[in-house]
Amino acid sequence: MKVNMSKSKGDSEEKSVFDAVSSISTRFPFAHGKRLLSSLKIPTNLGWDRTINGLRNFNESQARDGAKDELVETFSKHTFVGDKLVRFYGYENIPEIENFRLHVSDAKNNIEIPSSEYTEAFPLSINDKDLLRALDDAPPKLTSISEQDNSIVFQYSSVRSYSKKVELDKNSFEEVDQGFLEDYSEIYGMKPMRNQAFDSVIVHLDQDVIELRIDAPDGIPTIRRHRAVVDVTRAFDELALANFGYAPFGTAAKNFYNIISRLYNASSEGSVFMLGFTANSTKTSSNNDAKLIRKKGRDLRHDDFHKGGKNAVQSIDPYTIGVEWKVDKFEGTPKLIVPGSVRMLYHSPIIFPDVLIRDCFSEEEFGFVIKKIEKYLKITK
């Protein structure tokens, strides 16, 4: 989405390269960030922590012209994409829908964004650990309103805590530990994370659809994601009721259940790297939650073991699927996950309200996955 107009109280002119890199480190894998910094002639070290520490006294004149502005813009754009939980809500049945659209489209002119710790940091994130700790569990606050294509975007900020699995560099261990580690090719640890989250409510004026995007990095528990959904939708409903005359999140989210089987049966659509399913026959019934090791680069739909088992049963009912696409022009490898469980299959009615979109570094990549969702959900006009 191309941002045409934004309203917030932050000032990017007051930010430094150090501020921008500190914010980018909270959203970008180091390998991707290192390439970005190197292209801007900004020095890097082993990992984000050492890189940031090395930039505390960095002379910004040594960086490429415009480096800070490019970093700030890159970060700002990524807050709308990245790893997100996505829901769709229809608002075609809203009373006086034309008035609703009119009020929403003029929101950036009529709604005053309250000052907060988040607007002070805008368009970057809060990186002070003590302040992040103090804001943890506080309700989300409106940070910006922007016009993007045929949509109005309301962005909310809060603090989200989770644990992240990170690979550890063997060379960073003491020499005395090297003998113990020599039999291991990869070493991982669980790192506690507490970062500012950027959640968006996108009102599509040309589709009668409201899109909810919740920051959901890998590692955040399901209950934490759903709590964020409740908090953000409640905050927007209060805003919308006061300014637009209607609270749109009172309606049910679109159901993504049918996407699972449609993607599973679309053998040429991306590569399936995650698949959970029930297998049924006259003699047996079982369920499996399968993850194919991504290094093998194989598609679970065409995996010999899965195909052999599939031929031995009457039906396969998938309840979880993960599909990834490799596109030459993309920096990331966009992934779509429809998360579910066996229990959800046997609950009436069957409702799968969430999808997860991962590994997107641009709106073009994120939009690519959104179009796949629309194609298999068939919600576009």
Side-chain angles (χ1 to χ4, degrees), residues 25-29 48 78-88 125-126 129 132-141 155-168 188-201 211-236 249 252-257 259-260 273-277 287-292 294 318-324 334-347 350-360 366 369 373:
S25 72
T26 67
R27 301 188 67 86
F28 282 53
W48 276 124
H78 193 268
T79 62
F80 297 103
V81 293
D83 293 342
K84 299 284 187 180
L85 175 150
V86 175
R87 287 188 177 187
F88 289 159
S125 62
I126 295 172
K129 292 182 179 179
L132 288 170
R133 188 178 297 109
L135 292 170
D136 205 354
D137 292 327
K141 294 184 178 180
Q155 192 171 62
Y156 288 83
S157 292
S158 60
V159 174
R160 205 150 295 152
S161 303
Y162 62 102
S163 295
K164 181 179 181 181
K165 182 180 178 182
V166 296
E167 184 175 1
L168 304 178
Y188 292 88
M190 298 304 293
K191 182 178 181 180
M193 308 293 289
R194 181 183 285 113
N195 294 320
Q196 180 176 336
F198 293 81
D199 306 315
S200 298
V201 176
E211 182 183 342
L212 180 67
R213 297 185 185 181
I214 298 292
D215 259 356
D218 195 18
I220 289 186
T222 301
I223 191 170
R224 186 77 169 169
R225 297 198 305 252
H226 288 172
R227 176 184 166 185
V229 169
V230 171
D231 289 345
V232 174
T233 54
R234 179 185 293 131
F236 184 77
F249 287 121
K254 299 287 185 179
N255 190 355
F256 294 119
Y257 172 61
I259 289 181
I260 301 175
F273 66 90
M274 179 187 299
L275 184 66
F277 61 92
N287 72 79
N288 297 275
D289 187 359
K291 280 188 181 180
L292 189 66
R294 298 180 188 179
Y319 57 80
T320 295
I321 195 167
V323 182
E324 64 181 6
K335 296 174 176 62
L336 170 63
I337 300 171
V338 187
S341 65
V342 176
R343 184 173 56 184
M344 293 171 70
L345 282 180
Y346 298 109
H347 184 274
I350 300 176
I351 302 293
F352 284 64
D354 305 330
V355 293
L356 300 173
I357 299 180
R358 300 206 182 283
D359 294 350
C360 294
F366 202 91
V369 182
I373 296 171

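Given the structure is predicted, the values throughout are model-derived calculations rather than measurements.
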For the pair Y257 and I351, evaluate side-chain contact (heavy atoms from CB on, under 4.5 Å) and give the outcome as yes or no after the intermediate values. CA-CA 6 Å; Y257 172 61; I351 302 293; over 6 Å; no
Measuring from atom OG of S200 to atom OH of Y156, what distance do you get when rounded to the nearest 0.5 angstrom? 10.5 Å
Sequence neighbours left out, what passes side-chain contact (heavy atoms from CB on, under 4.5 Å) with P29? Give chain and number order. H32, F361
For R227, the salt bridge (Lys or Arg N to Asp or Glu O under 4.0 Å) test, sequence neighbours excluded, returns D137, D231
Taking atom CZ of R358 and atom CG of D83, what is their separation to the nearest 0.5 Å? 5.0 Å
Report the residues that fulfil salt bridge (Lys or Arg N to Asp or Glu O under 4.0 Å) with D199, sequence neighbours left out, ordered by chain and then residue number. R160
CG of D218 to CD1 of I337: how many Å apart, nearest 0.5 Å? 7.5 Å
Output all residues satisfying salt bridge (Lys or Arg N to Asp or Glu O under 4.0 Å) with R27, sequence neighbours left out; order by chain, then residue number. D215
Within the distance-only criterion (no hydrogens, no angle test), does the side chain of K84 pair as donor or acceptor with the backbone N or O of T79 below 3.5 angstrom? yes
Partners of R133 by side-chain contact (heavy atoms from CB on, under 4.5 Å), sequence neighbours excluded? D130, R194
Residues that F236 engages under ring pair (Phe, Tyr, Trp, His ring centres under 6.0 Å), provided they are two or more places apart: F154, F249
Would you call T222 and P339 a side-chain contact if the rule is heavy atoms closer than 4.5 Å? no
Grab the two heavy atoms, one from V229 and one from I214, that are nearest each other, plus how far apart they are. CG2-CG1, 4.0 Å
Quick one: side-chain hydrogen bond (donor to acceptor under 3.5 Å, both in side chains) partners of D354, sequence neighbours excluded? R87, H226
Closest non-hydrogen atom pair between P334 and V369, with its separation: CB-CG2, 3.5 Å
Just jot down the side-chain hydrogen bond (donor to acceptor under 3.5 Å, both in side chains) partners of S125, sequence neighbours excluded, or say none. S23, N127
Evaluate the side-chain contact (heavy atoms from CB on, under 4.5 Å) criterion for residues V201 and L212: first the C-alpha distance (whole Å), next the side-chain angles of each, then the deciding distance (0.1 Å), finally the verdict. CA-CA 5 Å; V201 176; L212 180 67; 4.0 Å; yes
For V338 and F256, which heavy atoms make the closest approach, and how far apart are they? CG1-O, 4.1 Å
With rounding to the nearest 0.5 Å, note down the distance linking CZ in F88 to CD in E211. 4.5 Å
N255 side-chain N/O to F352 backbone N/O, donor-acceptor pair under 3.5 Å: yes
Does any N or O in the side chain of W48 come within less than 3.5 Å of the main-chain N or O of F28, such that one atom is a donor and the other an acceptor? yes
Residues passing the side-chain contact (heavy atoms from CB on, under 4.5 Å) test with S163, sequence neighbours excluded, are M190
Are M274 and T320 packed together at the side-chain level, in the sense that at least one heavy-atom pair is separated by less than 4.5 angstrom? yes
Going through the distances and angles, do F273 and K335 end up as a side-chain contact (heavy atoms from CB on, under 4.5 Å)? CA-CA 9 Å; F273 66 90; K335 296 174 176 62; 3.9 Å; yes
Is it the case that the side chain of N195 and the backbone of S161 share a donor-acceptor pair, with hydrogens and angles ignored and the cut-off at 3.5 Å? no
Only counting residues at least two apart or in another chain, list the ones meeting side-chain hydrogen bond (donor to acceptor under 3.5 Å, both in side chains) with S157. T143, Q196
Using the test ring pair (Phe, Tyr, Trp, His ring centres under 6.0 Å), find all partners of Y162 that sit at least two apart in sequence or belong to another chain. none
Donor-acceptor pair, R224 side chain versus A216 backbone, under 3.5 Å? no
Report the residues that fulfil side-chain contact (heavy atoms from CB on, under 4.5 Å) with P192, sequence neighbours left out, ordered by chain and then residue number. none
May I ask you to test the V355-I373 pair for a side-chain heavy-atom distance under 4.5 Å? yes
Tell me whether the NZ or CZ atom of K165 lies within the 45° cone about the ring axis of Y188 and under 6.0 Å from its centre. yes
Which heavy atom of L135 sits nearest to which heavy atom of V159, and what is that distance? CB-CG2, 3.6 Å
Would you check if R213 and L85 make a side-chain contact, meaning some heavy-atom pair closer than 4.5 Å? no
Closest heavy-atom pair, Y346 versus V342, reported as atoms and distance to 0.1 Å, is CD1-O, 3.2 Å
